[in-house]
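This structure is a prediction, so every number in the text was calculated from the model and none was measured.
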Amino acid sequence: MRITAALVEELDGPFVLTELDLDDPAPGEVLVKLAATGICHTDGITRHGDLPFPLPGVLGHEGAGTVAATGPGVTDFAEGDPVVIGWPSCGACRHCRAGEPRYCLRLGEVLVSGGRLDGGPALRRLDGRPVSSHFFGQSSFATYALTTAAALVRVPDGLPLALMGPLACGISTGAGAVFNTVRPVPGTQIAVFGAGTVGLAAIMAARNSPATRIIAVDRNESRLRIAAELGATNTVNAAADDPVKAIHDLCGGPADYSLECTGVISVVRQAADSVGMLGTCLLIGGAPAGAEFSLDHLTTLWGKRIVGVLGGSGRSDELMTTIMSLYAQGRFPFDRLVQYFDLADVQTALEQSYAGEVIKPVLRMP
């Protein structure tokens with residue numbers, strides 16, 4: 001079928017609205033008419049080449065919309081169902097079977113191969129030349145996306161569909177790190193580095209837990225203000241104060257957990273130094289390809305854990321359904337992070353996100 005998509009022709013190239021042809025759903029696949037798609041940091045770093053997605057191609061991996069058609073064998077979804085396109089996986093490897101599809105052993109293939117898991121691209125130019133598709137299993141900077149039924153999460157009636165797309169990555173990444181990995185016990189003290197979408201989602205999740213101290217660290221005072229409104233008990237402006245010292249002062253010693261949500265290598269060291277014996281530093285933000293960091297050996301040896309977290313861990317259906325329920329109850333107001341743009345304004349939306357002017361840009365489809 002004919003669709004409109006924001007095509008990137010080459011590394012660092014602009015997004016250009018282009019008419020493309022999209023395949024019909026194959027067995028196990030679903031065609032989704034997109035209502036809106038969030039823009040994520042990962043879209044930006046992929047356009048710069050820090051994720052090896054073959055170009056030309058269509059990015060976008062926070063899509064929400066309605067089912068337009070289903071392929072053979074799909075029985076759980078029908079035309080008109082409101083859905084979010086969640087994390088893709090093979091569904092068959094030992095990690096997928098163990099309930100951790102975000103660590104699928106075929107992860108690179110399902111995220112950035114440029115096509116179906118066991119096939120080529122599903123997008124073509126009007127003259128038949130192929131264009132890379134299935135970025136994170138969806139390529140949703142477009143009016144329609146093709147994905148697997150297994151990746152879909154149903155949206156309950158009454159929730160604003162255009163708002164739900166960011167649950168696919170940014171919101172779930174921060175919230176899931178707290179709900180699935182930290183799992184705060186009463187009295188837990190958490191420091192969150194970076195008050196963007198991921199960090200603020202982590203703060204909202206921590207607020208829905210027994211954690212008693214939630215520290216937001218950022219260099220942007222306006223981000224720190226919203227962090228306080230969303231659940232941070234304390235804020236630290238890293239442009240004015242040493243965040244490690246400030247966290248130790250607030251906690252009466254090291255924090256129990258630190259969440260590094262920026263992907264900035266110098267901040268990784270600060271986050272690691274903010275926790276002590278038996279403390280855990282979670283690496284969540286995406287750094288440039290080839291980035292390395294160093295740690296103090298002795299203090300790390302004393303029971304400190306450095307843990308990488310992808311997409312919030314766990315299963316999309318459980319995590320996203322939980323966040324949707326909390327949102328409906330007024331306990332997870334992630335709508336406060338969102339600003340809407342037209343699909344044609346994708347370049348502007350991404351630039352404003354980089355500049356810190358917008359926390360979570362979301363593209364509405366025409």
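- Here the side chain of Ser132 pairs a donor or acceptor atom with the backbone of Pro54 at under 3.5 angstrom.
- Side chain of Asp21 to main chain of Leu126: no donor-acceptor pair is present (N/O by atom type, distance under 3.5 Å, no hydrogens or angles).
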Verdict with reasoning, Arg269 to Val264, per side chain to side chain contact (heavy atoms under 4.5 Å, CB included): CA-CA 9 Å; Arg269 179 59 187 265; Val264 177; over 6 Å; no

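- To the nearest 0.5 Å, atom CG of residue Leu295 and atom OG1 of residue Thr300 are 4.5 Å apart.
- The main-chain N or O of Val185 is found under 3.5 Å from a side-chain atom of Thr188 such that the two form a donor-acceptor pair.
- Residues Leu319 and Val307 share a hydrophobic cluster, clusters being chains of Ile/Leu/Val/Met/Phe/Trp/Tyr side chains in contact below 4.5 Å.
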Side-chain donor-acceptor pairs under 3.5 Å in residues 45-53, sequence neighbours left out?
{"unit_1": "Thr46", "atom_1": "OG1", "unit_2": "Thr42", "atom_2": "O", "d": "2.7"}
{"unit_1": "Arg47", "atom_1": "NH1", "unit_2": "Gly13", "atom_2": "O", "d": "2.8"}
{"unit_1": "His48", "atom_1": "ND1", "unit_2": "Asp12", "atom_2": "OD1", "d": "2.4"}
{"unit_1": "Asp50", "atom_1": "OD1", "unit_2": "Ala289", "atom_2": "N", "d": "3.2"}

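- Screening Val275, Val244, Val268, Val217 against Ser258 for a side chain to side chain contact (heavy atoms under 4.5 Å, CB included) leaves a single residue, Val275.
- In this structure a side-chain-to-backbone donor-acceptor pair under 3.5 Å is missing from Glu29 to Ala149.
- The shortest distance between side-chain heavy atoms of Gln352 and Pro361 does not fall below 4.5 Å.
- Between Ala122 and Leu146 the shortest heavy-atom distance is CB-CD2, 4.0 Å.
- Side chain of Ser139 to backbone of Phe135: a donor-acceptor contact under 3.5 angstrom is found.
- To the nearest 0.5 angstrom, Asn220 atom CG is 8.0 Å from Arg225 atom CZ.
- With Asn237 contributing its side chain and Ala239 its backbone, the two residues share a donor-acceptor pair below 3.5 Å.
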Would you please test Val74 and Val30 for side chain to side chain contact (heavy atoms under 4.5 Å, CB included) and show each step? CA-CA 8 Å; Val74 175; Val30 173; 4.0 Å; yes

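- Between Phe141 and Phe15, the two ring planes are perpendicular [angle over 60°; tilted spans 30° to 60°].
- Closest heavy-atom contact between Pro121 and Ser133: CA-OG, 3.5 Å.
- Judged purely by distance below 3.5 Å, without hydrogens or angles, the side chains of Thr4 and Tyr144 never pair a donor atom with an acceptor atom.
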Can you list the steps and then say if Lys245 with Asp241 is a salt bridge (Lys or Arg N to Asp or Glu O under 4.0 Å)? CA-CA 8 Å; Lys245 182 180 185 305; Asp241 299 304; over 6 Å; no

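- Both Val67 and Val153 are part of a single hydrophobic cluster, where members link through side-chain heavy atoms under 4.5 Å apart.
- Between Thr280 and Asp256 there is no side-chain heavy-atom pair separated by less than 4.5 Å.
- Atom CD1 of Ile247 sits about 10.0 Å away from atom CG of Asp273, to the nearest 0.5 Å.
- Under a cut-off of 6.0 angstrom, the local environment of CD in Glu292 is sparse, with at most 12 non-hydrogen atoms contributed by other residues, nucleotides or ligands.
- Note: Ile226 CD1 to Leu337 CG = 5.5 Å, rounded to the nearest 0.5 Å.
- Side-chain contact check for Leu343 versus Leu17: some heavy-atom pair is nearer than 4.5 Å.
- Rounding to the nearest 0.5 angstrom, the gap separating the SG atom in Cys281 from the CZ atom in Arg305 is 11.5 Å.
- Ring centroids of Tyr103 and His95 are separated by 6.0 Å or more, keeping the two rings apart.
- Proximity of a side-chain donor or acceptor of Asp342 to a complementary backbone N or O of Asp345 within less than 3.5 Å is not detected.
- Note that CD of Glu62 is 5.0 Å distant from SG of Cys40, once rounded to the nearest 0.5 Å.
- A donor-acceptor pair under 3.5 Å links the side-chain atoms of Thr18 to the main chain of Val16, judged by distance alone.
- Glu260 and Thr262 share a donor-acceptor pair across their side chains, judged by distance under 3.5 Å alone.
- A pairwise comparison of heavy atoms in Arg97 and Gly91 identifies CG-O, 4.4 Å as the closest pair.
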Got a list of side-chain donor-acceptor pairs under 3.5 Å for residues 202-215, not counting sequence neighbours?
{"unit_1": "Arg207", "atom_1": "NH1", "unit_2": "Glu229", "atom_2": "O", "d": "3.4"}
{"unit_1": "Arg207", "atom_1": "NH1", "unit_2": "Leu230", "atom_2": "O", "d": "3.4"}
{"unit_1": "Asn208", "atom_1": "OD1", "unit_2": "Arg331", "atom_2": "NE", "d": "3.2"}
{"unit_1": "Asn208", "atom_1": "OD1", "unit_2": "Arg331", "atom_2": "NH2", "d": "3.4"}
{"unit_1": "Asn208", "atom_1": "ND2", "unit_2": "Met204", "atom_2": "O", "d": "2.9"}
{"unit_1": "Asn208", "atom_1": "ND2", "unit_2": "Arg331", "atom_2": "O", "d": "2.9"}
{"unit_1": "Ser209", "atom_1": "OG", "unit_2": "Ala206", "atom_2": "O", "d": "2.6"}
{"unit_1": "Ser209", "atom_1": "OG", "unit_2": "Ala211", "atom_2": "N", "d": "3.1"}
{"unit_1": "Thr212", "atom_1": "OG1", "unit_2": "Gly187", "atom_2": "O", "d": "3.4"}
{"unit_1": "Arg213", "atom_1": "NE", "unit_2": "Gln189", "atom_2": "OE1", "d": "3.1"}
{"unit_1": "Arg213", "atom_1": "NE", "unit_2": "Leu250", "atom_2": "O", "d": "3.1"}
{"unit_1": "Arg213", "atom_1": "NH1", "unit_2": "Asn234", "atom_2": "OD1", "d": "2.9"}
{"unit_1": "Arg213", "atom_1": "NH2", "unit_2": "Leu250", "atom_2": "O", "d": "3.4"}

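- Under a 4.0 Å N-O distance rule, the pair Glu19/Arg125 does not qualify as a salt bridge.
- Across all their heavy atoms, Ile284 and Cys261 have their closest contact at CD1-SG, 4.1 Å.
- When Thr147, Thr148, Asp23 are each tested for a side-chain hydrogen bond (donor to acceptor under 3.5 Å, both in side chains) with Arg116, only one passes: Asp23.
- Listed by first and then second residue, the side chain to side chain donor-acceptor pair (under 3.5 Å) pairs that reach into residues 69-87 are Asp81-Arg154, sequence neighbours excluded.
- Under the 3.5 Å distance criterion, the side-chain polar atoms of Arg223 are left unmatched by any main-chain donor or acceptor of Asp218.
- A donor-acceptor pair is defined here as one N or O able to donate and one able to accept, closer than 3.5 Å; no such pair exists between the side chain of Ser172 and the backbone of Ala168.
- Linking Ile, Leu, Val, Met, Phe, Trp and Tyr whenever their side-chain heavy atoms come within less than 4.5 Å leaves Leu224 and Ile190 in two separate clusters.
- In terms of hydrophobic clustering, with Ile, Leu, Val, Met, Phe, Trp and Tyr side chains grouped at heavy-atom distances under 4.5 Å, Val198 and Tyr257 are assigned to a common cluster.
- Between Ala5 and Leu20, the shortest heavy-atom distance links the atoms CB-CD1, 3.9 Å.
- Across every non-hydrogen atom of Leu363 and Ala349, the tightest pair is CD2-CB, 4.3 Å.
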Should Arg129 and Arg124 be marked as a side chain to side chain contact (heavy atoms under 4.5 Å, CB included) after you check the CA-CA gap, both sets of side-chain angles, and the distance that decides it? CA-CA 5 Å; Arg129 288 179 294 158; Arg124 295 173 305 283; over 6 Å; no

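- The same ILVMFWY cluster, assembled from side-chain heavy atoms under 4.5 Å apart, contains both Val155 and Leu152.
- Around CG of Asp157, the count of heavy atoms belonging to other residues, nucleotides or ligands within 6.0 Å does not exceed 12.
- Under 4.0 Å is where a charged nitrogen must lie from a carboxylate oxygen, and between Lys360 and Asp335 no such pair does.
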Residue pair Phe332, Ser325: steps toward the side chain to side chain contact (heavy atoms under 4.5 Å, CB included) verdict: CA-CA 9 Å; Phe332 206 106; Ser325 295; over 6 Å; no

